[in-house]
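All heavy atoms count here, side chains included; hydrogens, waters and symmetry mates do not. Start at 1 and go down the list; that is how both ligands and their atoms are numbered.
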Amino acid sequence: MPIRRILIANRGEIALRIHRAAHEMGIETVAVHSTADAEAMHVRLADHAICIGPPAAAQSYLDVAAIISAAEIAGADAIHPGYGFLSENAKFAEIVEAHDIAWIGPKPEHIRTMGDKVEAKRTAGALGLPLVPGSDGAISEIVEAKRLADEIGYPVIIKAASGGGGRGMKVCSSPDQLETLIKQAGNEAKSAFGDDTVYLEKYLGNPRHIEFQVFGDGEGNAIHLGERDCSLQRRHQKVLEEAPSPVLTPEDRERMGGIVSKAMSDMGYRGAGTIEFLWEDGEFYFIEMNTRLQVEHPVTEAITGVDLVREQIRIAEGKPLSVTQDELEFTGHAIECRINAEDPWTFAPSPGKVTTYHAAGGMHVRVDSGLYAGYSIPPYYDSMIAKLIVSGRTREGCIMRLKRALEEMVIEGVKTSIPLHEELLKQPDFISGDYSIKWLEEWLAKREG
Ligand code: MV4
């Protein structure tokens with residue numbers, strides 16, 4: 001069924017990103033917004049706008065009844081959830097579909113499976129993805145956990161089944177701490193997620209975070225769009241992402257890409273997904289799957305030429321994938337810098353009025369942002385205010401262009417992470433591509449000291 005009017009259940013740059021894809025397809029858009037976002041760019045550009053509540057996300061962007069009502073009132077025939085908020089809420093996806101509104105996202109059952117990290121791992125294993133050695137499912141008995149940890153060797157990591165994104169993890173380096181840490185992890189998981197289920201894995205000391213972008217049509221056809229290296233993170237927040245990963249060969253990509261697309265084909269996956277791996281000593285280990293579009297999707301768009309949001313919308317319309325694996329080519333290199341309204345060194349949030357705004361431009365430079373001069377960044381939401389995505393034929397050329405583009409960006413009135421990115425690009429370890437998930441925090445600690 002062709003889609004005619006999409007309700008965008010999100011805000012900021014991703015709401016704008018979805019609006020742009022929709023308009024390029026001749027589809028109308030409906031923005032929903034909190035009272036704090038009345039002056040936001042996504043509200044200004046959309047064909048229709050509905051205020052759905054007060055600033056607190058729980059009473060606006062997370063309010064299922066308010067969003068469904070807005071869709072009915074506006075006559076939207078589809079909902080795109082963006083990332084965050086309700087994007088990985090299986091119940092919401094079911095409610096949308098029960099209202100005969102097209103859900104621009106994966107099948108609810110797949111969202112649910114991947115949201116439970118124990119179920120996700122079991123499913124991934126059954127589909128042939130390589131796993132981190134660890135417990136086969138949840139830990140039920142301490143003695144069992146002890147035996148397993150002895151077998152795989154310390155250190156081990158205890159993770160919450162409902163966690164994800166690094167929340168509720170405990171590293172354990174000796175048998176005498178194991179029982180305490182399992183109980184602690186269980187208690188913390190119970191109060192944070194209402195679920196005390198935990199599982200155990202071998203702790204990888206110095207891995208990279210490499211994720212594969214996948215797409216399925218829900219009928220057994222699936223492709224991969226290569227990987228992104230997202231190892232540069234601080235407190236589980238990605239800072240800079242690149243594609244391809246500096247450490248993979250085309251053969252590695254083809255081999256892992258083949259494995260992930262076969263897995264998605266076998267499960268009948270629909271829409272966009274990201275399969276996250278830790279990569280250490282040349283081996284991949286599945287950790288989680290995200291059943292949504294990701295913040296860093298533009299680096300994949302830059303090296304493949306595929307509009308991922310357009311692809312999501314086409315699939316929700318019941319159309320086939322617009323490219324075959326054989327037609328896909330990975331060309332050049334792309335890097336994304338996340339620009340946050342925060343102090344570049346203390347990371348303290350810096351909301352407020354943007355007095356001057358000038359976006360970088362030029363060849364192979366893309367800025368995804370809802371900023372404009374005079375806009376007031378509200379204090380209630382995520383601090384990411386812009387993404388700068390630069391591409392080039394080589395990684396070296398891409399880094400040079402990124403430096404130039406960062407020089408051009410002007411955001412005044414609030415503090416931003418631009419100076420952090422400028423310093424980061426000068427670091428020899430970044431330039432050589434020699435960094436793991438630990439590198440950024442170690443570098444920041446050294447700068448302070
Ligand atoms: C791990 C790990 C080491 N060993 N699992 C953090 C977020 C969640 N997605 C999984 N995470 C990790 N799982 C094992 N067996 C280290 C991390 C981790 C991490 C992973 C990706 C990117 C940044 C990270 C920062 C700290 C820890």
Tyr61/Tyr381 aromatic ring centres below 6.0 Å: yes

Which heavy atom of the protein is the closest neighbour of atom 8 (C) of ligand 1, given with residue, atom name and distance? Glu288 OE2, 3.4 Å

For atom 19 (C) of ligand 1, what's the nearest protein heavy-atom neighbour? Residue, atom name and distance, please. Ile437 CD1, 3.3 Å

protein heavy-atom neighbour closest to atom 2 (C) of ligand 1 works out as Leu278 CD1, 3.6 Å

Using the ring of Phe284 (Phe, Tyr or Trp, six-membered ring only), decide whether Arg253 places NZ or CZ under 6.0 Å from its centre and within 45 degrees of its axis. no

Note: ligand 1 atoms sitting under 4.0 Å from heavy atoms of Ile287 are 9 (N), 10 (C)

Which part of Lys438 is near ligand 1, with near meaning a heavy atom under 4.0 Å away: side chain, backbone, both or neither? neither

To check your reading of the model: name the closest protein heavy atom to atom 26 (C) of ligand 1, its residue, and the distance in Å. His236 CE1, 3.5 Å

Which atoms of ligand 1 sit under 4.0 Å from any heavy atom of Val132? 15 (N)

Provide, to 0.1 Å, the distance between atom 23 (C) of ligand 1 and the closest protein heavy atom, together with that atom's residue and name. Gln233 OE1, 3.4 Å

Below 4.0 angstrom, N of the basic side chain to O of the carboxylate: do Glu151 and Arg147 qualify? no

Under-4.0 Å salt bridge between Arg404 and Glu407: no

Got a salt bridge between Glu301 and Arg17, using NZ or NE/NH1/NH2 to carboxylate O under 4.0 Å? yes

With heavy atoms of Tyr203 as the reference, note each atom of ligand 1 found under 4.0 Å away. 3 (C), 4 (N)

Shortest protein heavy-atom distance from atom 4 (N) of ligand 1, along with the residue and atom involved: Leu204 N, 2.9 Å

Salt-bridge criterion met for Glu211 and Lys238 (N-O under 4.0 Å): yes

Is a donor on one side and an acceptor on the other found under 3.5 Å between the side chain of Ser135 and the backbone of Leu200? yes

Out of Lys159, Glu201, Met169, whose heavy atom sits nearest atom 1 (C) of ligand 1? Lys159

What protein heavy atom is closest to atom 7 (C) of ligand 1, reported as residue, atom name and distance in Å? Gly166 N, 3.3 Å

Could you tell me how the ring of Phe212 sits relative to the ring of His224: parallel (under 30°), tilted (30 to 60°) or perpendicular (over 60°)? perpendicular

Starting from atom 15 (N) of ligand 1, which protein heavy atom do you reach first, and at what distance in Å? Lys202 O, 2.7 Å

